[in-house]
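The structure appears below as structure tokens.
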Amino acid sequence: MKASAGAPPPCSVDATMGGAASGIADLAGSAADGGRGPVLVTGAAGFVGSAVAARLAAMGQRVVGCDNFNDYYDPALKRHRAAALLEPAGVACQAVELSDAGQTAALFERVAPALVVHLAAQAGVRHSLQHPGAYVQANLVGFAHVLESCRRHRVAHLLYASSSSVYGASARTPFSEHDQTDAPLSLYAATKKANEVMAYSYSHLYGLPATGLRFFTVYGPWGRPDMAYFIFARKMLAGQHIPVFAEGKLLRDFTYIDDIVEGVVRLLFKPPPASNQPAHALFNIGHDQPVRVLDFIHALEHAFGVRAALDFQPMQPGDVPATHADTGKLQAWIGYKPGTSLEAGLAAFARWYELAVRENVSYLK
């Protein structure tokens, strides 16, 4: 294993997030009704949510987080994110179950947010094959409660997480926001597509400004243990075989966490214009450079300085052959495109992971 001398501690968050362009502070200051209340970040103890909440707080925004701290993966990781990333930034993360209408309504009454970043969701394509009810409750019922609370509290902008999985097995690449997305290959993808049309209807009916973000394979420090790169790292370092599906030929548009956060922050403070009817927009956030999974594994081997033993397996139900983000619309709207190289992103992940191993945290076991 390579030495990690000089690596940032696992509790660090780079407030610059890969070089934020000038003008974000101006956008934050001029956001519609932005001074009326704090930013509410749901799923704030999650991978993306914790990074977004910490970044917003570092920008001087008032931020309140919530999470249900469920056990889809080891809740110790969520608690560690909250303690290491949120608390030092002054972000309180309240325990709230958004699929409970009463809890959601009470949360909005307490916080009275001006802006909402909704990142809470039941994640995982394969998990949805065995536990469909969890996706209905978290991604459909929970999102409906968030939408209704945003309407009642006249939130200035709702930014919510969708997924590249809505594109299904589309043979047309790169994926464009204008492509049809009516053939999801998993229930998880179906719930994310449903979120988009639910938000559209609220924008149309009630004038709620809303933006959906189609994330493309997010990776980096503090990630989810169920993600492929996390599983690869754990098994590589333990000398175990890595499961590689479809001979490693699947293509994924791996996108580094800092790049995702940069896009989220810029879009949050630039809602769809009021002239749009309805005031709803969708954006891809991806690296626009798909990589074969086998090549990704080789890059991970280089980052950790170990060789992986591979166990080739058939393609899994619900998987898609390729993901590739067309980021033209994103660039045109906020002047930004994710740019962290795979090598740099995996090196940062490896440094974090090695330090976490030394701390003997439970969620790496």
Side-chain angles (χ1 to χ4, degrees), residues 13-35 38-44 46-63 65 85 89 91 113-119 150 155-164 175-177 196 199 203 208-220 253 255-276 279-289 325-340 345:
V13 170
D14 180 0
T16 64
M17 291 296 177
S22 61
I24 294 183
D26 293 336
L27 288 173
S30 62
D33 294 327
V39 180
L40 172 63
V41 179
T42 73
F47 177 26
V48 178
S50 58
V52 168
R55 171 67 189 283
L56 288 168
M59 292 170 57
Q61 297 293 308
R62 289 187 296 147
V63 182
L85 305 182
V91 178
L115 304 168
V116 174
V117 183
H118 179 60
L119 300 173
C150 286
V155 165
H157 186 201
L158 165 66
L159 187 144
Y160 64 94
S162 183
S163 167
S164 62
F175 298 159
S176 166
E177 295 89 345
E196 294 179 357
S203 294
L208 173 65
T211 299
L213 309 182
R214 292 173 175 173
F215 294 145
F216 281 71
T217 316
V218 189
Y219 74 99
D253 201 348
T255 312
Y256 189 58
I257 180 62
D258 289 2
D259 292 340
I260 292 291
V261 171
E262 183 70 25
V264 168
V265 168
R266 288 173 179 248
L267 286 167
L268 176 62
F269 297 113
K270 194 174 181 183
S275 59
N276 278 21
H280 179 268
L282 294 169
F283 292 95
N284 292 332
I285 301 187
H287 195 216
D288 191 18
Q289 293 185 23
D326 180 340
T327 58
K329 183 179 178 182
L330 181 75
Q331 290 176 264
W333 185 240
I334 60 172
Y336 177 73
K337 174 183 177 180
T340 302

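All residue numbers in this chain count up from 1 along the given sequence.
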Which pair of non-hydrogen atoms, one from [X] and one from [Y], has the smallest distance, and what is that distance?
X: Val261; Y: Ala51; value: CG2-CB, 3.6 Å
X: Glu177; Y: Arg214; value: CA-NH1, 3.6 Å
X: Val91; Y: Ala53; value: CG2-O, 4.0 Å
X: Ala325; Y: Gly286; value: CB-CA, 3.7 Å
X: Tyr336; Y: Gly263; value: CE2-N, 4.0 Å
X: Pro273; Y: Ala279; value: O-CB, 4.1 Å

Taking [Y]'s backbone N and O only, do any of them form a donor-acceptor pair with [X]'s side chain (distance below 3.5 Å, no angle check)?
X: Asp253; Y: Gln289; answer: yes
X: His157; Y: Phe269; answer: no
X: His118; Y: Thr42; answer: no
X: Thr255; Y: Phe216; answer: yes
X: Trp333; Y: Lys270; answer: yes
X: Glu262; Y: Pro338; answer: no
X: Ser203; Y: Pro209; answer: no
X: Asp259; Y: Thr340; answer: yes

For residues Leu330 and Asn284, determine if any side-chain heavy atom of one lies less than 4.5 Å from a side-chain heavy atom of the other.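 Not in contact.
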
Are any of the side-chain heavy atoms of Phe283 and Leu159 separated by less than 4.5 Å?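 Contact flag for Phe283/Leu159 side chains = no.
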
Would you give the length of the straight line joining atom [atom1] of [X] to atom [atom2] of [Y], rounded to the nearest 0.5 angstrom?
X: Ile285; Y: Lys329; atom1: CD1; atom2: NZ; value: 12.0 Å
X: Asp288; Y: Thr327; atom1: CG; atom2: OG1; value: 4.5 Å
X: Ser50; Y: Leu85; atom1: OG; atom2: CG; value: 5.0 Å
X: Thr211; Y: Tyr160; atom1: OG1; atom2: OH; value: 8.0 Å

Would Leu268 and Leu56 count as a side chain to side chain contact (heavy atoms under 4.5 Å, CB included) if you check the C-alpha gap in whole Å, the side-chain angles of each, and the deciding distance to 0.1 Å? CA-CA 10 Å; Leu268 176 62; Leu56 288 168; 4.0 Å; yes

Should Val264 and Leu119 be marked as a side chain to side chain contact (heavy atoms under 4.5 Å, CB included) after you check the CA-CA gap, both sets of side-chain angles, and the distance that decides it? CA-CA 11 Å; Val264 168; Leu119 300 173; 5.5 Å; no

